[in-house]
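Everything below concerns the one structure shown next.
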Amino acid sequence: MRYILAALLTATMWAQEWNKRQTELARIGKNIKVSQAEFEYAYAKAHGGWNQAKSHTPEQYRSYLEAYLNFRRKVADAQARKLDTVRSFREEYEGYLRQLAKPYLLEKEVLDTLLRQIYARMKEEIRASHILITIRDEDTATAYKRLLSLRDSILKGQISFSEAARLYSEDPSAAQNKGDLGYFSAFDMVAPFEDAAYATAVGSISMPVRTRFGYHLVYVQERTPHAGQRKAAHILVRWGPTYAAKDSIEAERRIREVYARLQKGEKWEDLVRDFSDDPMSASRGGELGWMRLFPQMEAIKRTLPAGAYSEPFRTRFGWHILKVVEVKPIGSFEEMRSELKSRLQRDERYKAAERAYFDRRLSAYKYTENKSVRQSLYNALDSLYPDLDKALSSLPAAMLNSVLFTLNKQKHTVRAFLSFWANNRGYQIARKLSPEVFDEVLRSFAHEKVLDIEIQNLPKRYPEFELLRREYYYGVLFFNISEQEVWRKAVEDTAGLRAYYEAQRTNFPAGERLELIEIVSTDSVSLTELLRRLPNPSLASIDSLNRAGRYGWRILPQFVAKDKAEATYMPYFNNGNSLPTWTPLRGSGREWKIAYILRQLPAGYKTFEEVRVELVQKYQDELEKRWVARLQQSYPAQINEKVFARLFK
């Protein structure tokens, strides 16, 4: 997913340049064109972006162009062999395209609008109060009507908002703060509450708004430019039997002593260490981070410049001195976009906006349900849910082939819907079928069908999306053809690999060495058992015993050169020793070892088995060279030097 998001960012940055740079830079074969824009896009993405790439030299561009043309030759070879028509390719490519299209679409259609809205809100702070009525037994109407009645009484002047909050709000803190929430900005409140606050004029009261806590009335007292994000620290003095101060009077005396010592120049960190009763922050200089504090402290914090501290003040937690460690002004939209995006994608409003977008597209594509089929299907599933595979196999063909809904003049059947549901286990969490569960899954299926339509239309609406689509198309083809021609071939072509070994054997000199299998265990008992049960083992028999006994051995087949052998193995280089044979068991504590010496090899050249891994890599390189040489003959390249000279200008 990180790769997909990076690709989205690159294409978005490229959009302004794409249409201006379509001149042909190179041609391979008779009709395969590489435009200036295509090459610049690939180069910039591989080298840290446009600004970094434009500082590079023509020699660097030329070197990468040669490699890129070879890449395109390989893609052309795959196309010539019609690998893009193979089912496995279509499934893999379309899967990548789907993963790519949805975040791209939401970035364009949902995310950008929300980010700009949130940024605009972040430039302001609102001071507001609220009255909360919780919802009991799903009785939303009672809570709503009660708040409407309270709102009417406040607007008629029969009671003030603060008094109504103190008397009737079900927020536990309202008895003390009369509903005053202090100052807040974007992301400080749950999304529906924030929306209501920013939509309400100063001095006005919102209509009842529902959040997960219940229904609220929101009274906006003030809107003011944001004072900047503030990182705070505090010194807290509490009182009680377990604290240095036994009562509030002694606590106040201690905090004022701290304040006096601060004014005389004593270090903040030393006084925090010696006096603060906040165990969570005392060890780190009293720091509270960038978080929003409760209203009384937040109101003080926003008035302090960086490095300043407040006079002592009292809260329900004790006596405090608050310090602002750092002030971070609200940056430009471009500076804050990444941070806002990260926060937004974790916020409930993003999912709600995504859902609303797809619902709007359902309407635009004239989504029409067959209500009689829907009801018949729901009734039939009542006795089959959650066994959807059984539903697919047992429901009548006439029902399975019935049209459940049409979308953009395309018909979608009951069978397609049930297949989607059966293949997405996340929609089968509910143990019992209900209208709500059925509606949610049907809506999700319809949204998937909207996405199918949008994928087809994306290149028309956003031409730069073609960059991403083409990149993935080329990439999957390149991987598949490379696997056939190089990677898998080097492993599977045993005859070719052996022939290559014979031709290269003199490049692998070797001295005397032992071929052995070393077994490492955390205990000696299991290795003793190994000696008893397998006096003449093979690698396969050792592995089989390990798995059967669940011993957890590390089995290490290897070749040990005489000049690097540990003392344990030196006697076995004496030809008088009879091989194969076991070494003595050795070790202590949690590491024990034993080895089965298979044979001694004389000085000369390494065997095929010794160099197989290294040989495969070298053979892959050789196959790659041969393949590229053939492709360069089949697809000769012509470079337009005038266009080359204009790269990144």
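Side chains included, hydrogens not; waters and symmetry mates left out as well; all remaining heavy atoms used. Note that the numbering runs from 1 along the sequence shown for the chain.
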Compute the ring centroids of Phe317 and Phe294, then answer whether they are less than 6.0 Å apart. yes
Determine, step by step, whether Trp319 and Tyr259 satisfy the ring pair (Phe, Tyr, Trp, His ring centres under 6.0 Å) criterion, reporting the C-alpha distance in whole Å, the side-chain angles of both residues, the deciding distance to 0.1 Å, and the verdict. CA-CA 11 Å; Trp319 281 92; Tyr259 183 70; over 10 Å; no
Donor-acceptor pair, Ser444 side chain versus Glu440 backbone, under 3.5 Å? yes
Check: Thr315/Gln296 side-chain N/O donor and acceptor closer than 3.5 Å: no
Would Arg166 and Ser162 count as having a side-chain donor-acceptor pair, cut-off 3.5 Å? no
For Phe193, ring pair (Phe, Tyr, Trp, His ring centres under 6.0 Å) partners two or more places apart: His130, His216
Could you tell me if Tyr96 and Glu471 have a donor-acceptor pair between their side chains, going purely by distance under 3.5 Å? no
Counting N and O atoms only, with roles assigned by atom type, does the side chain of Lys323 sit under 3.5 Å from a partner on the main chain of His234, one being a donor and the other an acceptor? no
Quick one: are Thr140 and Tyr215 in side-chain contact, heavy atoms under 4.5 Å? yes
Given Ser310, which partner from the list Leu304, Thr303, Val324 fulfils the side chain to side chain contact (heavy atoms under 4.5 Å, CB included) test? Leu304
Holding to side chain to side chain contact (heavy atoms under 4.5 Å, CB included), I want the full list of residues that pass it with Arg586, two or more places apart in sequence or in another chain. Glu518, Glu566, Thr568, Tyr569, Thr583, Lys593
Ring centre gap for Phe648 and His56 strictly below 6.0 Å: no
Proximity of Phe358 and Tyr367 rings by center, below 6.0 Å: no
Output all residues satisfying ring pair (Phe, Tyr, Trp, His ring centres under 6.0 Å) with His226, sequence neighbours left out; order by chain, then residue number. none
Distance-only criterion, 3.5 Å: show the donor-acceptor pairs between side-chain atoms of residues 110-117 and protein atoms not counting sequence neighbours.
from	atom 1	to	atom 2	distance (Å)
Asp112	OD1	Arg337	NH2	3.2
Asp112	OD2	Arg116	NE	3.2

Could I get the full list of side chain to side chain contact (heavy atoms under 4.5 Å, CB included) partners for Ile159, not counting sequence neighbours? Ser153, Ile154, Glu163, Ala164, Leu167, Tyr168
Any ring-ring contact (aromatic ring centres under 6.0 Å, His included) pairs touching residues 262-285, not counting sequence neighbours? none
Should the pair Tyr64 and Tyr43 be assigned to parallel (<30°), tilted (30 to 60°) or perpendicular (>60°) ring geometry? perpendicular
Checking Arg210 side chain against Pro208 main chain: does a donor-acceptor pair fall under 3.5 Å? no
Side-chain donor-acceptor pair under 3.5 Å between Tyr365 and Glu454, yes or no? yes
Ion pair present between Lys102 and Glu354, side-chain N to carboxylate O less than 4.0 angstrom? yes
Any donor-acceptor N/O pair, Asn546 side chain to Gly552 backbone, under 3.5 Å: yes
Residue that, paired with Glu348, satisfies salt bridge (Lys or Arg N to Asp or Glu O under 4.0 Å) out of Arg343, Arg355, Arg212: Arg212
Would you kindly say whether Tyr462 and Glu109 are connected by a side-chain donor-acceptor distance under 3.5 Å? yes
Quick one: do Arg254 and Glu257 make a salt bridge, cutoff under 4.0 Å? no
Quick one, Leu322 and Phe313 - any side-chain contact, counting heavy atoms below 4.5 Å? yes
Only one of Tyr385, Phe417, Trp421, Phe420 passes ring-ring contact (aromatic ring centres under 6.0 Å, His included) with Tyr427; say which it is. Phe420
